[in-house]
Amino acid sequence: MAILSSRRRSAAISMAAVAGLAVAGVGFAVGGASAGTVSGSLYRDPSSAVVRWVAANPGDSRAAVIRDKIASQPQARWYANFNPSTIQSEVSAFVGAANSAQQIPVLSVYEIPNRDCGGASAGGAPDLNQYQTWVSNFARGLGNQTVLIILETDSLALQTCLSTGELNARNQALSTATQTIKSANPNAKVYLDGGHSTWNSANDTANRLRAAGVQYADGFFTNVSNFNPTSSEANFGRAVISALNGMGISGKRQVIDTSRNGGAAGDWCADDNTDRRIGQYPTTNTGDANIDAYLWVKPPGEADGCRYTAGSFQPDLAFSLANGAPNPPTTAPPTTNPPTTAPPTTAPPTTAPPTTAPPTTAPPTTPPPAGNGCSAAVAINQWNGGFTASVNVTAGSAAINGWTVTVALPGGAAITGTWNAQASGTSGTVRFTNVGYNGQVGAGQTTNFGFQGTGTGQGATATCAA
């Protein structure tokens, strides 16, 4: 199944997994020490669309080039179907295969409601409550080893269709999704949408990241499905990191999509261009303390939607990208930083985010009680006239099977929506109970739910009983 693409930023999802197919040639992945926080070889998906095409077309004159320069490389697996009943098993199978190979998988989550603002890539979960259910199931399949999560391409860079309330709800959903993934697998590296260097400004991007809870994530990604030079993206990333540091949010890093940025920048759609080239081969060995990885998030050879169906694998596009590009390195690439160049001066039209980002409050660090009990910590995102709350429920020294959290709201506050829990009441003292999928919490482990309300949420307190 393919995901469509849109102007300014195209996106694609690999076809469904087909077991047992392998490409004839070298399966290459670069490892070695990284200057960032990620170290190790990236996982090559053995059932990607390009791998299956090469296996099915060994006599094609383009096959050797596509095999050696694209199919041999690790690329992201996209998750963009609303399939809450099967997503856990799908993720678990993919991650498990990568773990067995002692390599790092890259997973691109593309399921946010109203994605692409109703454009060519429209779709996603029906609503935010169901989105949180899907994310919770997705997170359960991640295991406990290092995984790289590209969380919701365009969700922050493209916001022109959202009202203030919808934007606040999306920001809270992304923050909750990040914390849900981190809670399920503390070794997961989660990156939020940073657009790219010729879209929104670094300060705008930093404000959007802060509003969406980047403090809980490992950093941000840029250039997904775009063609900006790596050096321009690195410069942009440093500016975003500097802006985040100025907001008191430190330690965040960047990943850059280099799948198609080895040629001219040119027009937005690669379907009609022959001057595109694959960029730097995927690696965690970036040699840059600000950059965790160069990734191929958009699978090279998958269409943008101008001449071909968006997301479909097209061998002539893959051959055009790979032909004339250098061969993959056989040793770790040099660790020198790319030269810095000024980014292009023509950017697509943008809509500025709200000028005042809602403040965030870090969850309390009170440890859970001993024994078969639980604790609850509530964090409030307040804005003028309303708020969202993220509540962490942590088991004590023994696992729990079912929980109830009682939240005391300040006077005048009223709940208007809840996710990952069932609420009894809307104001004053409100009781929240688990839903079917998050009632069982392992000893010392944490699950999460949230709610949105009107009025002032600051000062709310939460207690837990199991």
Side-chain angles (χ1 to χ4, degrees), residues 6 8-9 11 108-117 119 121 124 128 131 149-179 190-226 228 233 235-257 290 297 343 347-361 379 381-384 386-388 390 452:
S6 60
R8 302 194 300 274
R9 338 117 322 259
S108 179
V109 173
Y110 196 54
E111 198 59 58
I112 197 79
N114 201 15
R115 69 184 181 209
D116 199 33
C117 278
S121 296
L128 289 175
Y131 175 71
I149 308 295
I150 305 300
L151 187 62
E152 301 296 354
T153 296
D154 295 341
S155 61
L156 297 180
L158 179 63
Q159 301 176 338
T160 53
C161 63
L162 302 178
S163 67
T164 299
E166 290 169 336
L167 177 59
N168 289 327
R170 172 175 287 190
N171 285 337
Q172 183 59 52
L174 291 169
S175 178
T176 299
T178 299
Q179 294 176 77
V190 181
Y191 303 91
L192 302 184
D193 176 35
H196 56 75
S197 60
T198 56
W199 200 346
N200 301 307
S201 72
N203 283 335
D204 282 348
T205 298
N207 277 321
R208 296 179 188 211
L209 288 165
R210 177 179 64 172
V214 75
Q215 59 268 37
Y216 304 117
D218 294 273
F220 57 95
F221 59 87
T222 71
N223 213 41
V224 169
S225 304
N226 223 280
N228 295 313
E233 292 303 301
N235 287 340
F236 175 68
R238 281 189 282 273
V240 173
I241 290 170
S242 177
L244 289 172
N245 287 338
M247 300 172 184
I249 301 173
S250 61
K252 306 307 171 185
R253 292 176 174 84
Q254 178 186 20
V255 296
I256 300 174
D257 186 353
N290 292 319
V297 181
T350 61
T351 298
T355 57
T356 303
T360 59
T361 303
N381 252 356
Q382 183 71 49
W383 64 86
N384 187 24
F387 66 94
T388 52
S390 177
Q452 183 168 335

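Quantities reported herein were computed from a predicted structural model and do not represent experimental measurements.
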Would you check if the side chain of [X] reaches a backbone N or O of [Y] as a donor-acceptor pair within less than 3.5 Å?
| X | Y | value |
| --- | --- | --- |
| K252 | I241 | no |
| D193 | D154 | yes |
| Q179 | S175 | yes |
| R210 | L244 | no |
| N223 | H196 | no |
| R170 | P113 | yes |
| Q159 | L156 | yes |
| R115 | Y110 | yes |

Side chains of D257 and N226 in contact at under 4.5 Å (non-hydrogen atoms):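 They are not in side-chain contact.
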
Check: R208 and T205 side chains under 4.5 Å, non-hydrogen atoms: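 Counting from C-beta outward, T205 and R208 never come under 4.5 Å.
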
With sequence neighbours excluded, residues passing side-chain contact (heavy atoms from CB on, under 4.5 Å) with T222: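 With neighbours one apart ignored, the set is F220, E233, F236, Q254, I256.
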
From CA spacing to verdict: side chain to side chain contact (heavy atoms under 4.5 Å, CB included), V190, Y216: CA-CA 9 Å; V190 181; Y216 304 117; over 6 Å; no

Salt bridge (Lys or Arg N to Asp or Glu O under 4.0 Å) contacts in which one or both residues fall within residues 158-168, not counting sequence neighbours: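 Qualifying pairs: none.
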
Spatial distance of atom CG (L151) from atom CG (D218) [nearest 0.5 Å]: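 Those atoms lie 11.5 Å apart.
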
